[in-house]
Amino acid sequence: MRRAALLPMSLFIAGCSRADPTDMAGPSPARSSNVAIRDAAPGGPARCDSADPVERRACLRWDAIGQPDIVYVPTPQAIVDRMLGVARVQKADLLYDLGCGDGRIVVTAARRYGAHAVGFDIDPERVTEARANVRAAGVEDLVTIRWADITMVDLSPAQVVTMYLSPRVEQWLMQSLQKLAPGSRIVTHDYKLPDVMPVGRWSLQGPFFGRSNELYEAGVPEDPAHYQFTEHRIFFYVTPLEFPKE
């Protein structure tokens, strides 16, 4: 997962982390260089004249804010696995990952559960990387990566929504989350939804990769021998969301 500025003066954490070579088919692709929108390769992010209105809006937003400082804070694979387990992902589900980074959550959902999944990210570099990881994992028939401003995505088709977002951005998403069909599941990493009562919560230890970590970039095993372990929290919700009684 990553922390990134989606809108000027605001930070969010995106919900996917760098590919785990042990969880994806074939070697994890090398970290891509910063991809300019208008120089995107085939299969990468669309140009600003894209016929896809979601990607066109993302392109215009990205151009408008310039390329904000991105802080990449990956989610350990063990946390990804627990999030999907908590969500009780099934083959019939459609999973949306908001801020998908390099696509670890959507790829894992497809490979382990056979679920259809869509990952959304505002950063064109992450979109290109995630699409490469989807191809490497051989799950292109199940997974789609969209270049999108997550605050403008219609979430209503999803049965499962995963995210690693700051409370401020979660607040921006509350109206969209409340439009999910009854019985839809939402799983958040580290940050609970503002003013919403979770159905369940868990705390577990896992590696913390930090803002910049050469070992992580090299794809070393995610174990205590290589990383400092820290507490990770998972919050689980089922729609309709339950708010505290006044």
Side-chain angles (χ1 to χ4, degrees), residues 1-7 10-20 23-26 28-75 80 94-111 116-155 157-158 161-165 169 173 216-217:
M1 299 182 187
R2 77 183 45 258
R3 292 182 180 176
L6 175 63
L7 298 173
S10 60
L11 294 179
F12 79 102
I13 302 177
C16 289
S17 58
R18 189 168 180 76
D20 180 355
D23 191 61
M24 294 188 174
S28 178
R31 185 177 181 82
S32 58
S33 60
N34 200 25
V35 178
I37 302 288
R38 295 173 183 79
D39 295 329
R47 297 170 181 268
C48 284
D49 59 359
S50 170
D52 184 331
V54 173
E55 296 204 345
R56 186 167 62 251
R57 286 196 299 266
C59 180
L60 293 172
R61 170 61 58 79
W62 186 256
D63 276 358
I65 64 178
Q67 292 187 4
D69 290 337
I70 302 295
V71 180
Y72 193 36
V73 183
T75 295
V80 170
L94 173 61
L95 180 147
Y96 277 10
D97 187 30
L98 306 182
C100 72
D102 70 358
R104 175 179 288 192
I105 284 181
V106 290
V107 166
T108 303
R111 292 195 66 196
H116 285 82
V118 184
F120 301 89
D121 207 292
I122 189 68
D123 184 344
E125 181 181 0
R126 298 282 67 76
V127 171
T128 298
E129 185 176 29
R131 287 174 175 171
N133 285 333
V134 169
R135 290 193 296 272
V139 290
E140 293 173 277
D141 58 331
L142 294 174
V143 177
T144 301
I145 303 298
R146 300 292 305 278
W147 186 23
D149 175 345
I150 60 172
T151 65
M152 302 180 74
V153 172
D154 177 12
L155 305 181
V161 175
T162 58
M163 66 183 79
Y164 186 14
L165 304 170
V169 178
L173 295 170
Y216 175 73
E217 293 294 333

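When atom types are taken as modelled, the side chain of W147 and the backbone of I122 share a donor-acceptor pair closer than 3.5 angstrom. Judged by distance alone, the side chain of D149 and the main-chain N or O of A58 form no donor-acceptor pair under 3.5 Å. Listed for the R111 side chain is no donor-acceptor partner under 3.5 Å among the backbone atoms of V139.
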Determine, stepwise, if the pair L98 / L155 fulfils side-chain contact (heavy atoms from CB on, under 4.5 Å).
-> CA-CA 10 Å; L98 306 182; L155 305 181; 3.7 Å; yes

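Side-chain contact between V118 and L94: present, with at least one pair of heavy atoms (C-beta onward) separated by less than 4.5 Å. Proximity of V169 to I150: side-chain heavy atoms (C-beta onward) are separated by under 4.5 Å at one or more points. Side-chain atoms of R135 and R131, non-hydrogen and from C-beta on, do get closer than 4.5 Å to each other.
Every residue meeting the side-chain hydrogen bond (donor to acceptor under 3.5 Å, both in side chains) condition with R146, not counting sequence neighbours, appears here in chain and number order: D52. Legend: residues meeting side-chain hydrogen bond (donor to acceptor under 3.5 Å, both in side chains) with D141, ordered by chain and number and at least two apart, are absent. Residues satisfying the side-chain contact (heavy atoms from CB on, under 4.5 Å) test with L142, not counting sequence neighbours, are A110, H116.
When every heavy atom of A148 is checked against every heavy atom of V54, the shortest pair comes out as CB-CG1, 3.4 Å. Nearest heavy atoms, I145 versus V134: CG1-CG2, 3.9 Å. G99 and D121 make their closest contact through C-OD2, 3.6 Å (heavy atoms, listed as atom of the first residue, atom of the second, distance). Nearest approach of A130 to G101, heavy atoms of both residues: CB-O, 3.4 Å.
Taken to the nearest 0.5 Å, the OH atom of Y96 stands 15.5 Å off from the CD1 atom of I105.
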